[in-house]
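Naming: A, B, ... by sequence-line order, numbering from 1 per chain.
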Protein chains: 4
Amino acid sequence: MQCAWRPLSRLLSARSYQTAWSRSQSSPAAGRLDLSGIYPPIATPFTTKEAVDYQRLEENLQKYAKMPFKGLVVQGSNGEYPYLTEDERVEVVRTVRRTLPEGKVLMAGSGCESTRATVELTEKMTAAGADAVLVVTPCFYKGKMDSRALIHHFTKVADSSPVPVVLYSVPANTGLEMPLDAVVELSQHPNILGLKDSRGDITRIGLIVHKTKTQNFQVLAGSAGFLMAAYCVGAVGGVCALANVLGQELCELERLCQSGGWEEARILQQRLIEPNAAVTRKLGVPALKQAMEWFGFHGGACRSPLQPLTEAETQQLRRDFSTNGWL
Amino acid sequence: MQCAWRPLSRLLSARSYQTAWSRSQSSPAAGRLDLSGIYPPIATPFTTKEAVDYQRLEENLQKYAKMPFKGLVVQGSNGEYPYLTEDERVEVVRTVRRTLPEGKVLMAGSGCESTRATVELTEKMTAAGADAVLVVTPCFYKGKMDSRALIHHFTKVADSSPVPVVLYSVPANTGLEMPLDAVVELSQHPNILGLKDSRGDITRIGLIVHKTKTQNFQVLAGSAGFLMAAYCVGAVGGVCALANVLGQELCELERLCQSGGWEEARILQQRLIEPNAAVTRKLGVPALKQAMEWFGFHGGACRSPLQPLTEAETQQLRRDFSTNGWL
Amino acid sequence: MQCAWRPLSRLLSARSYQTAWSRSQSSPAAGRLDLSGIYPPIATPFTTKEAVDYQRLEENLQKYAKMPFKGLVVQGSNGEYPYLTEDERVEVVRTVRRTLPEGKVLMAGSGCESTRATVELTEKMTAAGADAVLVVTPCFYKGKMDSRALIHHFTKVADSSPVPVVLYSVPANTGLEMPLDAVVELSQHPNILGLKDSRGDITRIGLIVHKTKTQNFQVLAGSAGFLMAAYCVGAVGGVCALANVLGQELCELERLCQSGGWEEARILQQRLIEPNAAVTRKLGVPALKQAMEWFGFHGGACRSPLQPLTEAETQQLRRDFSTNGWL
Amino acid sequence: MQCAWRPLSRLLSARSYQTAWSRSQSSPAAGRLDLSGIYPPIATPFTTKEAVDYQRLEENLQKYAKMPFKGLVVQGSNGEYPYLTEDERVEVVRTVRRTLPEGKVLMAGSGCESTRATVELTEKMTAAGADAVLVVTPCFYKGKMDSRALIHHFTKVADSSPVPVVLYSVPANTGLEMPLDAVVELSQHPNILGLKDSRGDITRIGLIVHKTKTQNFQVLAGSAGFLMAAYCVGAVGGVCALANVLGQELCELERLCQSGGWEEARILQQRLIEPNAAVTRKLGVPALKQAMEWFGFHGGACRSPLQPLTEAETQQLRRDFSTNGWL
């Protein structure tokens, strides 16, 4: 029977599930960069004088190189990119490129408020070695950032970008959610590959997958808290702050979801929710960097105005890891 | 057949971490009402003069009786209960009780703004035949409805209720989300069985399941848009407006999730998101009732101030069903 | 004496622009109930068993009778009306009517969720002695309470009400703001006199006065925090919880605004902001009742689920009064 | 001349309460820059290729020079500063300095996300000729921008700034409101002069004036919609987008408020609300620039992603001016 609702490969059942979508990587998106997998949006270490600490960055990168990540996101929200100069943003990407093992995807954040600045930074990021760029929604004039403006913006950027573009919607920081109709329209652009969605409205994520599937548009969960559910409704991976800390575990969660180990996946997912919330919306980048220290990475301080955790916050953070068996 | 979703299977793997809650799988839930399954929160038909139309209600009930629902929710948000008098609320429950086949669960909404009124209505609902009561968060003084007030309220209601209590959090209507810590504390009350969560924050749902599992607390998805994802993270069923219209399909989605048919489940889930949004947050109860008419049930008009759909809204509603292959 | 606040004085200057509405200043408002002045939205005292304490209510009323209030609002949000039965709501109004001195306005809250219930309660409130009814926006189905629904609802209620209707918009409780276009349209109904606006968006209040002035629509500030500013942009009075506690002072603030004593008014207004916030959005009805006790009125406990203040809250409340020189 | 709005007149009446703060009226403000008056936050004209059009900017400045403004704000939200490079930001300020008549205040926006970038840009703005800097709240990590972080940030900036600092809170763009306690604490810094508040919560504005009066902290209304009310509760001026279009009228409104012409002020204020809303939250900077064209200034296009008005929006804009007698 002809069924209107899928890439044919989606009809197959559970176990053989992976084979199906691994096969499906072929046609509609032929030649498209396959984004599926887990990415840490890496933190930027600073010296005590708030300069970028490239040495410590490289030491972190060497540790990440041993994990089964699909790649790294550089200059996502957790990278404190709004606190870096343009030169620093590019230099960090260049540094990561040098260190990143063959075959890993380097996705660089190149979003700026204006279209022209985004176009320019996208070029620089490409020259610095990005395989793809992650472009956040401009947000200062949020009242005017309707579908018309966002479609215009992302189309211009994608038209001129030498590498594929991934849309990035992160309302907790921008106060703006990318409208569904804009996502659907932009999914048709040949140089726009997918979306990182950090809000985690699972109904919306399911609907985006549904309405863009003829484009083989790739949706990435923007946080570890809903990673399993996102896989469940059709996402292909995750860009998760927590992967800076528990990278191996997130890759394991991915593997379980991919291989149909839902029971184990659920148990693992549930244990990750509180640590993830702690290093993201509850306590933010300073908590992420503190937790990195506990787990053997270089986190260190943030640039001001981000403040170090208070003692009470540090205890809360520790509790959110320890009560879930991670510390 | 091995069923993937039973508590038993939750015991597997992940080492010592599980021991604590595996110990608890025994007693507290012993003999507890099993809520797992799909429930339509039934609509209330009215005559052209806005009187409750008990005859049409019974005709709907006869149709629902043939579907594999776990039971019915009477006086959920879709039942227009805030527009019914107390006598009408009770009489509708009594009518459903008379018609409901043996073995189906009748869950009756008995929530009022004051604790005393809720206690009284809970008794009346029990006398009218409810197997359990669904108690919405009071919300008028939302600034004061913190965990302390809500724990006090639900504890008083559960202490005195002759039947088990299910918590009901529906921020789209109440402007208030039940705080996580209140849910966790209330989950320990022997007469509080579970929670209907209508917002659909899947991270929160996963965390609630995680933090209440020693109580075998039962979480029900309050909308069809995130039903599959909710199953995925540990919910046991759904109370879904859309079940008034596509009841068979929602029971099929449940079956697929239970039996591990994730591929088919995903395809079905995705086709249900837009119709579900149309009859809930987008166009509300008038749309639900209109769609019921199209699918052979009695919907009819709402009580004022709810207005009939405009022509444009009716077309939008039709489109949301037809583009997904339902009309 | 020249009074700054009469419609007549609005006619001055600004050339031809005014002609249109100056023509209209004549008839429509003729004979209309003049709402201008201060009203306490009275609290409902309860016995220790949570029964309405009519005796203490009357003792409060005798004290209020000596103050230069324009009248009383009975069953506003501070009266805990959602916690009263319909019979109690009516009986409280009847009690107030018996006690209220000649010439004072009794405005009774008669709003319910459904239009039919509101129509019926309005009739009962009139029979119990209300001079006008204050009708809150229905709000449970807030997604559907657009201008069309609200215009329909209030028109039906006003059409059938034996006494004039005052619209009531209180988003802090209802999660819903009455849309501007609905207010403007409803201002043309001969039986709708005005609006109590409790949110305090002063730009919106100014615009409502501006766009309804041909109807001589009367806007009342719904909170003491913005009373002076509301007078400044054209409001005619206030329904202020704080008037239960500092009634004399609010009437003095009114007098200063009316007589052009802006300097003194400003000083007085500023001292009232924190006490007002404390008994409204910060600490709510329990704080209002506690403060009433301090100032010689009967406040007492609230009905559950409203909880008594904690010790820390009581101290905060006291501080908000004492640092402003009231305790 | 008796002027209602000077600090001196604040000393009157209201008994013993005033003594405390009357004592403080002396020194701390001595020699401080007086901010009182009206400022247009000027728009930045662009060429058709989106380059800054310095020529047209100067032509606008020559027109503004003839109006009784207190000064100009350069790089406020309406100046599209997030779309300018740092060099452009500074060059625009330099251009304004060259053109601005003696005695007018040049307030330059120097806010960036990081503290270090803000400190640096503040120095450059000073070198370019700024008399004071307007520093917006950093906002990307809004969940972490609590009082502690903001107090740290603004203190660092004010400590190092060669010119006085004005705080800038504009939640419509930043999604973040400066907490009251942070404002009160920062008001004590000798190099922090005041606050531009663009949200317009008049209760809050009154409270800020009240709680900072010992510092003679100067509050500026950030929008024309609540300018009169802000004067009423103690603000000293306004930074109003609409002053780019109806500058003379806003200065007249200021004069009326200062001289006690409240009746005329109210009529004028009411006529300005809709045009103001149109060029700010409703239709934004593109509408401001369109209206500038109608009133004889150079507005022109915005930088992308801000889009030109649609035909329907242009008509709406025209209507908002014409129905209030301005076109």
Side-chain angles (χ1 to χ4, degrees), chain B residues 46 49-51 77-78 80-86 88 112-120 136-157 170-176 280-287 302-310 313, chain C residues 46 49-51 77-78 80-86 88 112-120 136-157 170-176 280-287 302-310 313:
Chain B
F46 296 109
K49 290 198 181 313
E50 293 197 7
S77 300
N78 296 288
E80 293 173 68
Y81 76 82
Y83 294 171
L84 302 185
T85 64
E86 190 184 286
E88 288 171 333
C112 302
E113 279 291 321
S114 76
T115 307
R116 53 165 47 203
T118 307
V119 166
E120 283 169 25
V136 71
T137 52
C139 65
F140 190 76
Y141 299 102
K142 38 183 73 55
K144 297 298 288 175
M145 291 300 105
D146 53 13
S147 290
R148 184 167 65 113
L150 292 170
I151 288 170
H152 176 90
H153 177 75
F154 285 107
T155 300
K156 284 277 180 194
V157 172
V170 58
N173 292 123
T174 61
L176 182 75
T280 56
R281 68 178 167 72
K282 257 170 71 178
L283 299 170
V285 184
C302 294
R303 271 194 177 163
S304 174
L306 283 174
Q307 299 295 298
L309 298 183
T310 62
E313 289 172 332
Chain C
F46 296 109
K49 290 199 181 312
E50 293 198 5
S77 300
N78 296 288
E80 293 173 69
Y81 76 82
Y83 294 172
L84 303 184
T85 65
E86 191 184 287
E88 289 172 331
C112 302
E113 278 293 320
S114 76
T115 307
R116 52 164 48 203
T118 307
V119 165
E120 282 170 26
V136 71
T137 52
C139 64
F140 190 76
Y141 299 102
K142 37 183 71 55
K144 296 298 291 176
M145 291 299 105
D146 54 11
S147 290
R148 184 167 65 115
L150 292 170
I151 289 170
H152 177 90
H153 177 75
F154 285 106
T155 300
K156 284 277 181 195
V157 172
V170 57
N173 292 122
T174 62
L176 181 75
T280 56
R281 69 179 165 70
K282 258 171 71 177
L283 299 170
V285 183
C302 294
R303 272 194 176 161
S304 173
L306 283 175
Q307 299 295 298
L309 297 183
T310 63
E313 289 172 332

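Using a 4.0 Å cut-off between a side-chain N of Lys or Arg and a carboxylate O of Asp or Glu, R116(C) and E80(B) do not qualify as a salt bridge.
The distance from the NZ atom of K144(C) to the NZ atom of K282(B) is 11.0 Å, given to the nearest 0.5 Å. If you take OG on S304(B) and NE2 on H152(C), they are separated by 3.5 Å, rounding to the nearest 0.5 Å. Within the model, atoms OH of Y81(C) and CD of E113(B) stand 9.0 Å from one another, a figure rounded to the nearest 0.5 Å.
Smallest separation of non-hydrogen atoms from N173(C) and F140(B): ND2-O, 2.7 Å. The minimum heavy-atom distance between P305(C) and P138(B), with the atom names listed, is CG-CG, 3.8 Å. V285(B) and Y141(C) get closest at one heavy-atom pair: CG2-CE2, 3.8 Å. Contact record, M145(C) with L306(B): CE-CD2, 4.0 Å, taken as the closest heavy-atom pair.
For E120(C), no part lies under 4.5 angstrom from a heavy atom of chain B. Heavy atoms closer than 4.5 Å to chain B are found nowhere in E86(C), neither backbone nor side chain. Both the backbone and the side chain of S77(C) come within contact range of chain B, with heavy atoms under 4.5 Å apart. Looking at R303(B), only its side chain comes within 4.5 Å of chain C, counting heavy atoms on both sides. Residue T118(C) does not touch chain B at all, counting heavy-atom pairs closer than 4.5 Å. Neither the backbone nor the side chain of C112(C) comes within contact range of chain B; no heavy atom of the residue lies under 4.5 Å from a heavy atom of that chain. Contact annotation for P82(C): both backbone and side-chain heavy atoms come within less than 4.5 Å of a heavy atom of chain B.
The most heavy-atom pairs under 4.5 Å with chain B, out of P286(C), A149(C), G284(C), A172(C), come from A149(C). Heavy-atom pairs under 4.5 Å with chain C were tallied for L150(B), T85(B), T174(B), L283(B); the largest tally goes to L283(B).
Between R148(B) and T310(C), the closest side-chain pair of non-hydrogen atoms falls below 4.5 Å.
Using modelled atom types, no side-chain atom of Y83(B) and backbone atom of A117(C) make a donor-acceptor pair closer than 3.5 Å.
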